[in-house]
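This report refers to the structure that appears directly beneath it.
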Amino acid sequence: MPYPDSPFVETFKSQLVTCLSDEKSDTTISNAEYERTLRWLCSSPRITSYRINTLKSNTEEILQALKKHVSEVLGESLIKIDIHPSISDVIVIHNNDINEKLLERHDKQIVVDVDCAAALLRGAHVYAPGVMAMMSGTQINDEVSVFADASRKCKKGLQKLYKDENKIFIGNGVVKMKRHELFGENLNPSGIAIEITETISGCPPLGDHFLPPGSALLQNLPSILCVHALNPQPNENIIDMCASPGNKTTHIAELMQNKGVLIAIDKTSKRVTQLKKRCDEFGAKAYIFEADSSKILSLDSVDCSRQNSIKDGPPFLPETFDKVLLDAPCSVLGKRPQLVNRLSEKMIKSYVPLQRKLFETAVTLLKTHGTLVYSTCTITLAENEGMVAWALRTFKCLELVRPSLCLGGQDG
Ligand SMILES: C[S@@+](CC[C@H](N)C(=O)[O-])C[C@H]1O[C@@H](n2cnc3c(N)ncnc32)[C@H](O)[C@@H]1O
């Protein structure tokens with residue numbers, strides 16, 4: 001089976017993307033558009049992008065390293081690797097055009113979980129924890145075909161052919177670990193189990209292990225654009241309210257040239273640990289705090305008087321920051337490919353109240369004439385256009401402005 005037609009297990013009304021959204025909106029989309037959206041969600045993006053960390057490296061150096069890596073894994077390949085025409089610190093890799101039907105199918109099959117499969121389609125190899133089944137008799141260096149367990153019915157450690165009709169062919173690879181290293185009680189296997197050679201997405205095997213640590217990050221273009229829209233400058237006070245794992249925090253620090261005050265907040269200690277690790281690796285200077293960003297505001301100056309500076313962390317007084325990034329928790333329906341999605345309509349709808357609470361704090365923390373960027377990685381109107389419409393109705397001080405750098409849509 002090629003890419004599925006819809007990632008959803010639950011059947012939604014065709015208004016998933018519209019009326020789930022802003023209840024007052026009369027936007028509708030046709031069934032054909034809705035079905036196209038669902039197929040788009042299941043498929044992989046046609047490009048892969050790396051953001052270069054100019055605090056530690058430069059675009060030309062990473063471009064050469066990427067070209068060398070791709071030619072080592074694929075030989076002389078037709079894959080196009082370029083610096084992005086509008087963003088000089090971004091490198092874009094164009095996937096090969098693949099006719100999925102022409103890819104060879106090997107007799108020996110490997111089954112992986114759907115999250116692992118989605119990562120393979122974006123250039124990862126198969127890591128040991130993602131393997132669900134390996135047929136007995138499979139040897140090191142055997143060529144195998146890899147399938148995603150879309151039904152989630154495959155028993156971990158299955159030795160026979162997995163016959164489920166919903167399994168999805170992902171691509172081919174070479175075995176690097178044996179069955180007994182993957183399955184067994186008290187085993188906690190790690191490392192590459194299958195080295196991928198080709199997938200239906202046409203994305204070459206990538207990763208960043210061949211690059212100096214902290215020199216570049218696999219990051220999607222929309223995420224990169226968020227920070228360009230914020231337009232961080234040296235010596236500003238900036239807050240990243242939902243910061244972990246730090247993909248945007250590190251970018252903000254880079255554009256501030258590590259000058260000024262960058263506050264980065266996340267809600268749980270585990271996420272804060274990830275955030276600190278990423279900032280350390282990227283040489284990004286940020287003051288990092290564990291807090292609920294909907295509660296970091298103090299309207300009482302006495303409450304803040306114990307602080308010498310905002311570097312001491314929350315609570316903060318109103319109008320403290322020149323720029324605020326609110327990269328809000330969301331239903332994540334823009335992250336592709338989504339081979340299977342088990343979110344219910346109720347869960348998809350549940351994010352808006354928290355997003356509004358965070359937005360309210362963001363607006364209050366912003367200085368007059370400051371810049372607030374609100375972003376999500378989802379496509380529902382409720383969490384995007386609906387939020388913007390609500391914010392403009394609610395906060396008369398806000399003005400909607402067009403970012404200086406726009407890609408896609410009518411801008412090509
Ligand atoms: C979309 S992710 C942020 C991704 C991040 N900006 C990046 O680019 O790497 C949303 C983050 O918000 C955090 N979060 C959720 N609720 C929060 C809250 N009330 N206060 C602060 N952080 C919160 C989550 O832990 C998660 O790390």
Side-chain angles (χ1 to χ4, degrees), residues 49-53 87 89-90 122 208 214 216-232 238-256 262-298 313-316 320-321 323-336 338 341 343 347-365 371-380 382-384 387:
S49 43
Y50 282 83
R51 175 174 62 78
I52 315 310
N53 178 18
I87 325 174
D89 58 352
V90 171
R122 299 299 312 268
D208 54 12
L217 183 73
L218 269 169
Q219 192 175 22
N220 289 328
L221 279 176
S223 301
I224 297 170
L225 284 185
C226 287
V227 174
H228 281 291
L230 191 71
N231 190 22
I238 302 185
I239 183 166
D240 183 353
M241 290 174 62
C242 298
S244 184
N247 296 348
K248 298 188 185 71
T249 313
T250 50
H251 195 189
I252 297 170
E254 180 196 332
L255 297 183
M256 292 171 79
L262 172 56
I263 304 284
I265 292 190
D266 210 278
K267 202 179 164 181
T268 63
S269 61
K270 196 170 154 211
R271 300 287 286 168
V272 166
T273 305
Q274 288 174 338
L275 173 60
K276 284 187 174 153
K277 193 165 164 241
R278 169 90 12 114
C279 286
D280 283 350
E281 192 186 17
F282 275 64
K285 188 175 143 212
Y287 298 88
I288 298 173
F289 301 97
E290 180 186 329
D292 177 343
S293 279
S294 66
K295 298 182 180 144
I296 55 173
L297 186 68
S298 174
F316 304 110
T320 293
F321 295 96
K323 287 174 181 166
V324 177
L325 175 63
L326 173 51
D327 190 35
C330 69
S331 58
V332 197
L333 291 183
K335 195 169 161 223
R336 297 162 63 213
Q338 309 216 352
N341 187 312
L343 280 185
M347 283 153 89
I348 295 176
K349 279 180 169 173
S350 70
Y351 290 92
V352 170
L354 172 61
Q355 289 161 346
R356 287 187 179 185
K357 257 169 94 178
L358 290 164
F359 208 119
E360 203 170 335
T361 308
V363 172
T364 316
L365 287 174
T371 302
L372 160 61
V373 171
Y374 168 80
S375 55
T376 70
C377 52
T378 199
I379 56 167
T380 70
E383 295 168 87
N384 295 309
M387 278 294 294

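We count ligands from 1, going down the list as the structure has it; atoms in each ligand are counted the same way. Atoms considered below: every heavy atom in the structure, side chains included; atoms not considered: hydrogens, waters and symmetry mates.
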- [ ] With Leu230 as reference, evaluate Leu372, Asp327, Leu255, Leu325 under the side-chain contact (heavy atoms from CB on, under 4.5 Å) test and give the passing residue.
- [x] Leu325

Open item on the list: If I apply the N/O under 3.5 Å rule, does Gly246 come out as touching ligand 1?
Closed with: yes

Open item on the list: I'd like to check which ligand 1 atoms, numbered from 1 as shown, lie under 4.0 Å from a non-hydrogen atom of Arg271.
Closed with: 25 (O), 26 (C), 27 (O)

Task: For atom 6 (N) of ligand 1, the protein heavy atom that lies nearest, with its residue and separation - done: Asp327 OD2, 2.7 Å

Open item on the list: Return the closest protein heavy atom for atom 9 (O) of ligand 1 as residue, atom name and distance.
Closed with: Asn247 N, 2.9 Å

- [ ] Would you kindly specify which portion of Ala243 sits under 4.0 Å from ligand 1, judged on non-hydrogen atoms: side chain, backbone, both or neither?
- [x] backbone

Open item on the list: Tell me whether the rings of Tyr374 and Phe359 are parallel (<30°), tilted (30 to 60°) or perpendicular (>60°).
Closed with: tilted

Open item on the list: I need the atoms of ligand 1 closer than 4.0 Å to a non-hydrogen atom of Ala328, numbered in the order shown.
Closed with: 1 (C)

Open item on the list: With a heavy-atom distance limit of 4.0 Å, tell me whether Ala291 approaches ligand 1 through its side chain, its backbone, both, or neither.
Closed with: backbone

- [ ] Indicate yes or no for a side-chain donor-acceptor contact from Ser244 to the backbone of Arg271 under 3.5 Å, with no hydrogens or angles considered.
- [x] yes

Task: atom 20 (N) of ligand 1: the protein heavy-atom neighbour that sits closest, reported with distance to 0.1 Å - done: Ser293 N, 2.9 Å

TODO: Closest by any non-hydrogen atom to atom 19 (N) of ligand 1: pick that one out of Asp292, Asn220, Leu326, Thr378.
DONE: Asp292

Task: Distance from atom 15 (C) of ligand 1 to nearest protein heavy atom, with residue and atom - done: Pro329 CG, 3.5 Å

- [ ] Determine whether any heavy atom of Met241 lies closer than 4.0 Å to an atom of ligand 1.
- [x] yes

Open item on the list: Taking Ser269's backbone N and O only, do any of them form a donor-acceptor pair with Thr273's side chain (distance below 3.5 Å, no angle check)?
Closed with: yes

TODO: Taking atom types as modelled, find out whether Arg51 and Thr250 have a side-chain donor-acceptor pair closer than 3.5 angstrom.
DONE: yes

Open item on the list: Quick check against the 3.5 Å criterion: does Ser49 have a side-chain atom that pairs as donor or acceptor with the backbone of Gln219?
Closed with: yes

Open item on the list: Can you see whether Ser294 engages Thr361 through a side-chain donor-acceptor pair at a distance of less than 3.5 angstrom?
Closed with: no

Open item on the list: Could you identify the single nearest non-hydrogen protein atom to atom 11 (C) of ligand 1 and state the distance to 0.1 Å?
Closed with: Asp266 OD2, 3.6 Å

- [ ] Among all protein heavy atoms, pick the one closest to atom 12 (O) of ligand 1 and tell me residue, atom and distance.
- [x] Cys242 CB, 3.2 Å

TODO: May I ask you to check if ligand 1 and Ser294 share an N or O to N or O distance below 3.5 Å?
DONE: no

- [ ] Measure the distance from atom 17 (C) of ligand 1 to every protein heavy atom, then report the residue, atom name and distance (to 0.1 Å) of the closest one.
- [x] Lys267 CD, 3.7 Å

TODO: Consider only side-chain N and O atoms of Glu290 and Thr268, and report whether a donor and an acceptor are under 3.5 Å apart.
DONE: no

Task: Carboxylate-amine/guanidinium contact Asp280 Lys277, below 4.0 Å - done: no

- [ ] Considering heavy atoms of the protein only, find what lies nearest to atom 4 (C) of ligand 1 and give residue, atom and distance to 0.1 Å.
- [x] Ser244 O, 3.1 Å

Open item on the list: Less than 4.5 Å apart, side chain to side chain, heavy atoms only: is that true for Val373 and Val227?
Closed with: no

